[in-house]
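Keep in mind that the numbers below use all heavy atoms, side chains included, and drop hydrogens, waters and symmetry copies.
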Amino acid sequence: VISQAAEELQLESYVIGGFVRDFILQRGNAKDIDIVAVGSGIDLALKVSELLPHKPKVQVFKNYGTAMLRAFDLEVEFVGARKESYSEDSRNPVVENGTLEDDQNRRDFTINALALSLNKSNFGDLLDPFNGLEDLKTQLLRTPLEPGITYSDDPLRMLRAIRFASQLNFVIQKKSLDAIKENYKRIKIISNERITEELHKILLSERPSKGFALLHKTKLLKIILPELTALEGIDEIEGQRHKDNFWHTLEVVDNISENSDNLWLRWAALLHDIGKAPTKKFHKKIGWTFHGHEFVGSKMVYKLFKRLRMPLNEKMKFVQKMVLMSSRPIAVVDDDVTDSAVRRLIFDAGENIDDLMTLCEADITTKNPRRCKKYHN
Ligand code: ATP
């Protein structure tokens, strides 16, 4: 239909970006598809709607020159091919109409610049000016232009690189990683909403520790989530050491990701020890302690959610509750709930008992082999 509409309007059209990438990688369940028109994307969207039997409503974003409609469970986004140029003194690029090549040049990674032709003359052809197909095969993240320029122009791309590395299990090209290490401070100009979107995606990937280790290595994490980097390091006094709570946290996040897709439980795993940095003390007799870290941690969750513009609703309360309860002594043994502390815990956890147990199991360390058997009544 898009092809026919474009032909009627006598313009070129292409499928571009994430849809093409995921199609080649056979990552199913696409929710959106981006169409680029060499000409007006809005006109193309209106024409497509006219040709579809259900005449879907077209949402037009005039300021951006884009339009969107829903069809066959897909959000189809239309944009006119554009050329972008960034200048030193403005965060936003100067945008002009352009060719398909111009539009591919403005994309962040070679694997996101792939385009499939919808034109009659070469329908289905893959237009791949930067050898993105090869990068898909070798699992490499590479920028079409000089990485230093790409990341400095739009610093969100640094987070996108790390997000894709984590989501797709790709490697970031060395030159690109070096450019992120040079430009990391520029992330400060990006809004917290956009940063949070990427953090959610890293957390939802199969092994989130990959993304967080990269954020740490590039120093981005210290800017975005200083509460976490504060957990790094092992102190030693009089021969007594505590575990490195940063790397431990990443293990817990990976463990939980094997057992739960719940984004908020994953956030709870990520934040479960954040109160330990400000409460760390050394006592001559008992060694290292983190007294009250769960209360401090749960208060820190509120501040962190607020800063990152995350919802301050029941989702946050759930994370707070998990942080507050995750270090309570748990020894819930099937059918044998005699210990009053255990009974209290089950009562306090309420409907969240299963999630708490999942977190408890993920948090088991060799030094702290707590029993987290599920309570069955
Ligand atoms: P996902 O849907 O998993 O988030 P995606 O690649 O589709 O992945 P979108 O944010 O929907 O991500 O972006 C669509 C396309 O727009 C990308 O594939 C890329 O070509 C381009 N794009 C998005 N953000 C940027 C950016 N900051 N800089 C350059 N190109 C971008």
Side-chain angles (χ1 to χ4, degrees), residues 1-84 92-93 95-109 111-128 132 154 156 160 163-164 167-168 191 193-194 196-198 200-201 204 261 263 309 311:
V1 174
I2 297 170
S3 183
Q4 188 189 336
E7 177 135 329
E8 284 185 26
L9 296 176
Q10 292 195 318
L11 44 82
E12 291 170 32
S13 66
Y14 302 86
V15 186
I16 196 159
F19 183 89
V20 183
R21 176 196 71 221
D22 289 347
F23 179 73
I24 297 171
L25 287 174
Q26 298 184 315
R27 293 176 88 228
N29 281 345
K31 284 193 221 91
D32 44 40
I33 173 164
D34 293 308
I35 306 293
V36 59
V38 183
S40 164
I42 296 174
D43 287 353
L44 182 59
L46 294 169
K47 190 74 181 173
V48 169
S49 168
E50 208 181 293
L51 294 179
L52 281 168
H54 66 299
K55 312 268 179 273
K57 198 172 147 243
V58 180
Q59 259 178 291
V60 175
F61 307 94
K62 260 213 172 125
N63 294 348
Y64 296 97
T66 64
M68 197 272 282
L69 59 81
R70 276 174 228 278
F72 311 105
D73 276 341
L74 278 172
E75 270 187 12
V76 193
E77 180 130 355
F78 296 82
V79 61
R82 58 169 78 161
K83 186 175 175 170
E84 286 183 352
N92 299 320
V95 178
E96 305 161 66
N97 294 337
T99 60
L100 173 70
E101 289 77 41
D102 291 329
D103 202 275
Q104 286 174 303
N105 272 323
R106 75 175 175 92
R107 306 274 158 175
D108 48 4
F109 303 107
I111 61 165
N112 284 345
L114 296 163
L116 277 177
S117 166
L118 297 176
N119 310 310
K120 240 189 178 168
S121 58
N122 58 350
F123 190 91
D125 277 6
L126 185 69
L127 297 138
D128 177 16
D154 178 0
L156 182 70
R160 284 176 57 89
R163 183 257 283 197
F164 285 120
Q167 246 181 354
L168 306 173
S191 75
E193 284 91 340
R194 297 179 82 193
T196 302
E197 278 296 305
E198 299 303 319
H200 286 333
K201 288 180 180 172
L204 285 173
D261 289 336
L263 173 66
R309 304 264 185 269

Would you check if the side chain of [X] reaches a backbone N or O of [Y] as a donor-acceptor pair within less than 3.5 Å?
X: T66; Y: V79; answer: no
X: N119; Y: S121; answer: no
X: K55; Y: E50; answer: yes
X: Q104; Y: L127; answer: yes
X: S49; Y: K57; answer: no

Separation between [atom1] of [X] and [atom2] of [Y], rounded to the nearest 0.5 Å:
X: S40; Y: L11; atom1: OG; atom2: CG; value: 7.5 Å
X: I33; Y: I2; atom1: CD1; atom2: CD1; value: 5.5 Å
X: E198; Y: R163; atom1: CD; atom2: CZ; value: 4.5 Å
X: N112; Y: F164; atom1: CG; atom2: CZ; value: 4.5 Å
X: L74; Y: F19; atom1: CG; atom2: CZ; value: 6.5 Å
X: R106; Y: D154; atom1: CZ; atom2: CG; value: 11.0 Å

Can you find a pair of side-chain heavy atoms, one from [X] and one from [Y], that are under 4.5 Å apart?
X: V15; Y: F23; result: no
X: D128; Y: L114; result: yes
X: E7; Y: Q4; result: no
X: N105; Y: K83; result: no
X: R107; Y: I16; result: yes

For this session: Could you please spell out the steps behind the side chain to side chain contact (heavy atoms under 4.5 Å, CB included) verdict for T196 and H200?
Result: CA-CA 6 Å; T196 302; H200 286 333; 3.5 Å; yes
Problem set entry | Pair E75-K31, side chain to side chain contact (heavy atoms under 4.5 Å, CB included): steps then yes or no | CA-CA 6 Å; E75 270 187 12; K31 284 193 221 91; over 6 Å; no
Should the heavy atoms of other residues, nucleotides or ligands under 6.0 Å from [atom1] of [X] be counted, would the total exceed 12?
X: R27; atom1: CZ; answer: yes
X: Q10; atom1: CD; answer: no
X: D125; atom1: CG; answer: yes
X: F61; atom1: CZ; answer: yes

Contact summary for [X] and [Y], nearest pair of heavy atoms:
X: R82; Y: Y64; answer: NH2-O, 2.9 Å
X: G80; Y: V36; answer: C-CG2, 4.1 Å
X: L52; Y: A71; answer: CD1-CB, 4.0 Å
X: I35; Y: L118; answer: CD1-CD1, 4.2 Å
X: L44; Y: S13; answer: CD2-CB, 3.9 Å
X: A45; Y: F78; answer: CB-CD1, 3.4 Å

For this session: Please determine if R194 and E197 form a salt bridge, counting it only when a charged side-chain N lies under 4.0 Å from a carboxylate O.
Result: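 Salt bridge: no.
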Exercise. Are V20 and L126 close enough, and set up right, to give a side chain to side chain contact (heavy atoms under 4.5 Å, CB included), and what steps lead you there?
Worked result: CA-CA 9 Å; V20 183; L126 185 69; 3.9 Å; yes
Results of salt bridge (charged side-chain N to carboxylate O under 4.0 Å, His left out) for [X] - residues two or more places apart only:
X: D261; result: R266
X: K62; result: none
X: E96; result: none

For this session: Check the pair V48 / V76 against side chain to side chain contact (heavy atoms under 4.5 Å, CB included), numbers first and verdict last.
Result: CA-CA 10 Å; V48 169; V76 193; over 6 Å; no
